[in-house]
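Chain letters run A, B, ... following the sequence lines, proteins first, then strands; residues in each count from 1.
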2 protein chains.
Amino acid sequence: MPAYQSAATLPDPSIIAAVPLFAGLDGPARARILAAAQWRRVKAGDAVFRQGDEAETFYVLVDGYLKAVQTNAGGQQILVHFVNPREFFACVAMMEGQRYPVTMLAIKDSVALAWNRAETMQLVRRHPAVAANALMGFGSRMLEFQSRLRDSQTEKAGRRIAQALLQLSRNSGRKTECGIIIDFPITRQDVAEMAGTTLHTASRTIAGWERDGVLSCSRQKIVVTDPDRLAALAEVAEES
Amino acid sequence: MPAYQSAATLPDPSIIAAVPLFAGLDGPARARILAAAQWRRVKAGDAVFRQGDEAETFYVLVDGYLKAVQTNAGGQQILVHFVNPREFFACVAMMEGQRYPVTMLAIKDSVALAWNRAETMQLVRRHPAVAANALMGFGSRMLEFQSRLRDSQTEKAGRRIAQALLQLSRNSGRKTECGIIIDFPITRQDVAEMAGTTLHTASRTIAGWERDGVLSCSRQKIVVTDPDRLAALAEVAEES
DNA sequence: CGTGTTATTGATAGATCTCAAAGATGGTGG
DNA sequence: CCACCATCTTTGAGATCTATCAATAACACG
């Protein structure tokens with residue numbers, strides 16, 4: 001599996017060069033940061049950390065894909081977000097005494113760089129640019145949350161599902177000749193948990209769109225063949 | 001109105017001393033930051049900025065209360081959050097070329113400190129502690145959003161309303177002999193928009209709790225008389 | 001070729017929204 | 001000081017969406 005192979009190539013500064021969090025840092029600084037990091041490998045299906053664990057480690061995903069799921073007291077789950085390569089996650093680790101609010105599961109074999117809290121704090125303090133970058137990354141995730149929160153309250157299930165798929169195709173899609181394919185295995189249940197609905201409703205809705213030719217899918221795979229139509233479905237009520 | 005009066009007292013470093021964002025800074029640094037700030041006064045009902053405006057200014061609320069509302073394409077609103085004294089807002093201003101994602105309305109006469117983007121960036125770069133504090137503040141708001149997002153998808157309307165009121169009483173409540181009073185005028189519509197429901201459902205639900213003695217309310221005023229019962233309602237299904 | 005996971009589909013029940021109207025409340029101006 | 005008006009709140013009845021329950025079908029893996 002290529003994901004895992006590339007993990008074998010150890011301290012390579014080029015890996016870190018493309019991480020937005022470290023934008024604006026010079027070579028030596030990056031090398032130092034990289035030197036302070038631990039490598040963490042996680043197999044598909046395993047957890048990087050679990051909801052409720054003491055938040056001690058901050059991560060940057062180098063390769064693979066993760067999903068963050070949160071469970072409420074009643075045992076119901078929602079899928080909070082996906083983590084793509086080059087993104088950072090587990091920012092709570094910067095806050096003293098916090099616990100991870102989500103369980104972070106690998107959906108492909110994955111590799112991450114890890115820093116403990118002391119190192120992370122030092123990182124932020126020594127490199128103001130990193131703090132600024134973190135704030136930006138944080139900010140855009142916040143915006144995404146805001147719009148999801150709004151949608152979950154004002155939109156109907158169908159539109160929320162469209163929204164979720166659209167966002168997925170934009171953030172984690174790979175373009176092919178037959179459409180935008182979502183780069184990791186994803187179940188109807190996942191989509192439902194993202195859109196805040198049940199897998200039944202998600203299944204029905206997606207089946208309908210497949211009939212309409214908006215997308216095509218097989219087991220754990222979704223290909224968006226007509227992104228524009230999908231975007232339209234995410235915006236306006238589907239009339240038919 | 002006391003809120004407005006205290007605005008008259010100009011550059012007083014003690015104002016800034018209690019702002020968590022500036023925790024860990026020494027006196028001279030605070031004085032410099034304060035000197036770079038503009039004062040901004042807003043009357044109840046007026047907007048500090050509007051959704052879609054170029055995000056150029058970053059703020060710290062000194063006195064009063066604000067609410068952040070977001071409108072979607074269809075004209076439906078949600079109440080994203082409230083801003084309490086000493087909290088910062090409009091972090092998007094740190095990001096180049098962004099627009100405000102919400103409209104920020106004063107619900108009481110309010111006073112804020114304002115910095116333009118250049119000053120804000122300098123602030124963050126010169127004082128790593130500020131960046132760290134901002135990350136924390138951001139982080140806890142993010143956690144709040146996550147749990148709201150989860151609730152909006154997994155919980156019933158009643159519980160979401162309880163959750164909203166509970167959070168409101170904790171963040172913006174003032175303790176009195178007859179219970180925790182929410183410190184600013186708030187309508188059923190506001191509560192509904194916060195909980196992601198309609199004012200009708202909110203009205204009915206709240207009326208029910210008033211009969212049960214959990215809270216008492218009059219026009220634009222809510223007093224939580226039994227916080228424990230309310231907390232219970234927010235956690236477990238109400239059986240009756 | 002079993003076996004467990006994932007996906008589809010139908011029928012039903014229930015919560016919540018929508019539509020509609022009337023009842024409070026408090027401030028304003030005559 | 002009172003009448004009026006805008007805003008906020010309450011309440012009812014019906015429509016609708018979506019969750020829930022239940023079963024079957026398709027698929028991948030060992």
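- Computed from coordinates, the B:Gln153 CD to D:dA19 C1' distance equals 14 Å when rounded to whole Å.
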Pair up each side-chain donor or acceptor in residues 45-56 of chain B with any protein partner under 3.5 Å, not counting sequence neighbours, and list the distances.
| residue | atom | partner | partner atom | Å |
| --- | --- | --- | --- | --- |
| B:Gln51 | OE1 | B:Thr71 | N | 2.9 |
| B:Gln51 | NE2 | B:Thr71 | O | 3.1 |
| B:Asp53 | OD2 | B:Arg50 | N | 3.0 |

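- Summarising the geometry, the separation between CG on B:Asp190 and P on D:dC8 is reported as 9 Å, rounded to the nearest angstrom.
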(message) Checking B:Ser172 against B:Asp183 for the side-chain hydrogen bond (donor to acceptor under 3.5 Å, both in side chains) test, could you report, in this order, the C-alpha distance in whole Å, the side-chain angles of both residues, the deciding distance, and whether it holds?
(response) CA-CA 6 Å; B:Ser172 317; B:Asp183 211 19; over 6 Å; no
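- For A:Thr198, counting side-chain heavy atoms from C-beta on, the closest listed nucleotide (D:dA19, D:dT18, C:dT6) is D:dA19.
- Residues B:Leu66 and B:Phe82 fail the side-chain proximity criterion, which asks for heavy atoms closer than 4.5 Å.
- Between B:Gln220 and the phosphate of C:dT25, there is no side-chain N or O to OP1/OP2 separation shorter than 4.0 Å.
- Taking atom CZ on A:Arg188 and atom C1' on C:dT8, their separation rounds to 9 Å, with Å as the unit.
- One distance of note links CZ of A:Arg99 with CG of B:Leu143; it measures 13.5 Å at 0.5 Å rounding.
- Spacing between atom CD of B:Glu210 and atom C1' of D:dT9 amounts to 11 Å, rounded to whole angstrom units.
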(request) Give the B/S/- string for nucleotides 21-30 of chain D, one per nucleotide from 5' to 3', where a protein heavy atom under 4.0 Å of the base yields B, of only the sugar-phosphate yields S, and otherwise -. (result) BB---BBS--
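- In this structure, the CD1 atom of A:Ile107 is 19 Å from the P atom of C:dT5, given to the nearest Å.
- Residue B:Thr197 is classed as a sugar-phosphate contact, given heavy-atom separations below 4.0 Å to backbone atoms only.
- When heavy atoms are screened at a 4.0 angstrom cut-off, A:Ser203 is found touching base atoms of the nucleic acid.
- Aromatic pair B:Phe138/A:Phe138: centroids less than 6.0 angstrom apart.
- Side-chain N/O atoms of A:Thr201 include one lying less than 4.0 angstrom from OP1 or OP2 on D:dA19.
- Defining each end axis of the helix from C:dC1-D:dG30 to C:dG30-D:dC1 as the rotation carrying four pairs' C1' atoms onto the next four, with five pairs an end, the two axes are found to diverge by 40° to 10 degrees.
- Between A:Gln76 and B:Thr154, the closest heavy-atom pair is OE1-O, 3.3 Å.
- Side-chain contact between B:Arg174 and B:Thr176 is present, with at least one heavy-atom pair separated by less than 4.5 Å.
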